[in-house]
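Just so you know, these numbers use all the heavy atoms, side chains as well, and skip hydrogens, waters and symmetry mates. Start at 1 with the first residue, then count along the sequence. Computed from a prediction, not measured in an experiment: that's the story for all the values here.
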Amino acid sequence: MELDEVLKAMTPDIYQRLATAVETGKWADGVPLTPEQKENSLQLVMLWQARHNDNPQHMSVGKGGEMVTKSKKQLKEEFGIDDDLTKIRLQ
């Protein structure tokens, strides 16, 4: 099977399962990934993101294949952190 065919056959559910396996180092049933499985799964995750990721998170691959990094300000905005809040130090 050609790589393009594999990527076309990947559903969002399959993508998410592969992404979780790469993140945790284990398949959903708890079996550890072999180094080869981890490498191949990571490549598939990144290729899928490059084609389908319209809303990339920080340090992920966006649609078009570019690595997405966000500034501290952008991340604060996404998480709803307001810089105008008064900070209290507890001792």
Side-chain angles (χ1 to χ4, degrees):
M1 187 179 260
E2 294 288 324
L3 184 58
D4 281 335
E5 292 172 1
V6 171
L7 291 170
K8 285 179 185 175
M10 276 180 66
T11 64
D13 183 55
I14 292 171
Y15 159 77
Q16 190 57 57
R17 289 175 189 233
L18 287 172
T20 300
V22 170
E23 290 171 5
T24 63
K26 298 178 184 177
W27 296 112
D29 62 2
V31 175
L33 275 71
T34 65
E36 184 178 17
Q37 288 173 329
K38 189 167 186 174
E39 181 180 333
N40 292 335
S41 296
L42 179 58
Q43 289 178 15
L44 284 171
V45 165
M46 292 174 72
L47 285 168
W48 191 91
Q49 288 178 342
R51 293 186 182 192
H52 303 286
N53 195 2
D54 292 322
N55 189 18
Q57 299 299 312
H58 178 62
M59 296 300 291
S60 66
V61 178
K63 195 169 183 178
E66 295 203 22
M67 186 68 165
V68 174
T69 56
K70 296 184 179 183
S71 69
K72 191 173 182 180
K73 181 179 179 181
Q74 288 172 312
L75 291 171
K76 282 183 174 183
E77 288 173 1
E78 282 186 21
F79 291 116
I81 298 171
D82 188 2
D83 282 337
D84 294 334
L85 295 176
T86 303
K87 296 180 182 178
I88 301 172
R89 276 198 176 159
L90 300 175
Q91 294 183 9

Item to check | Heavy-atom pair with the smallest gap, counting every atom of S41 and V22 | outcome: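 Shortest heavy-atom contact: CB-CG2, 3.5 Å.
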Checklist entry - Do you know the tightest heavy-atom contact between V45 and Y15? => result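 For V45 and Y15, the tightest heavy-atom pair comes out as CG1-CE1, 3.6 Å.
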Checklist entry - In Å and rounded to the nearest 0.5 Å, what is the CD to CG distance from Q49 to L47? => result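 So the gap between those two atoms works out to 9.5 Å.
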Item to check | Spacing of CG belonging to L18 relative to CG belonging to L42, to within rounding of 0.5 Å | outcome: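 So the CG of L18 and the CG of L42 are separated by 10.0 Å.
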Next on the checklist: According to side chain to side chain contact (heavy atoms under 4.5 Å, CB included), who are the partners of Q37, at least two apart in sequence or on a separate chain?
Outcome noted: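 For Q37 the side chain to side chain contact (heavy atoms under 4.5 Å, CB included) partners, ignoring immediate neighbours, are W27, L33, T34.
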Checklist entry - Got a sec, which residues hit side chain to side chain contact (heavy atoms under 4.5 Å, CB included) with E23, two or more places apart in sequence or on another chain? => result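 Testing E23 for side chain to side chain contact (heavy atoms under 4.5 Å, CB included), a comparison that skips the adjacent residues, returns none.
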Next on the checklist: Among residues at least two apart in sequence or on other chains, which ones pass side-chain hydrogen bond (donor to acceptor under 3.5 Å, both in side chains) with T20?
Outcome noted: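 Listed in chain order: Q16.
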Next on the checklist: Once side-chain hydrogen bond (donor to acceptor under 3.5 Å, both in side chains) is applied, do any residues pair with D13, and if so which ones, sequence neighbours excluded?
Outcome noted: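 side-chain hydrogen bond (donor to acceptor under 3.5 Å, both in side chains) list for D13, sorted by chain: R17.
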Checklist entry - Can you list the steps and then say if R51 with D4 is a side chain to side chain contact (heavy atoms under 4.5 Å, CB included)? => result CA-CA 11 Å; R51 293 186 182 192; D4 281 335; 2.6 Å; yes
Checklist entry - Can you list every salt bridge (Lys or Arg N to Asp or Glu O under 4.0 Å) pair that touches residues 32-47, not counting sequence neighbours? => result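 Matches after skipping sequence neighbours: none remain.
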Item to check | salt bridge (Lys or Arg N to Asp or Glu O under 4.0 Å) contacts touching residues 24-35 (sequence neighbours left out) | outcome: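 Matches after skipping sequence neighbours: none remain.
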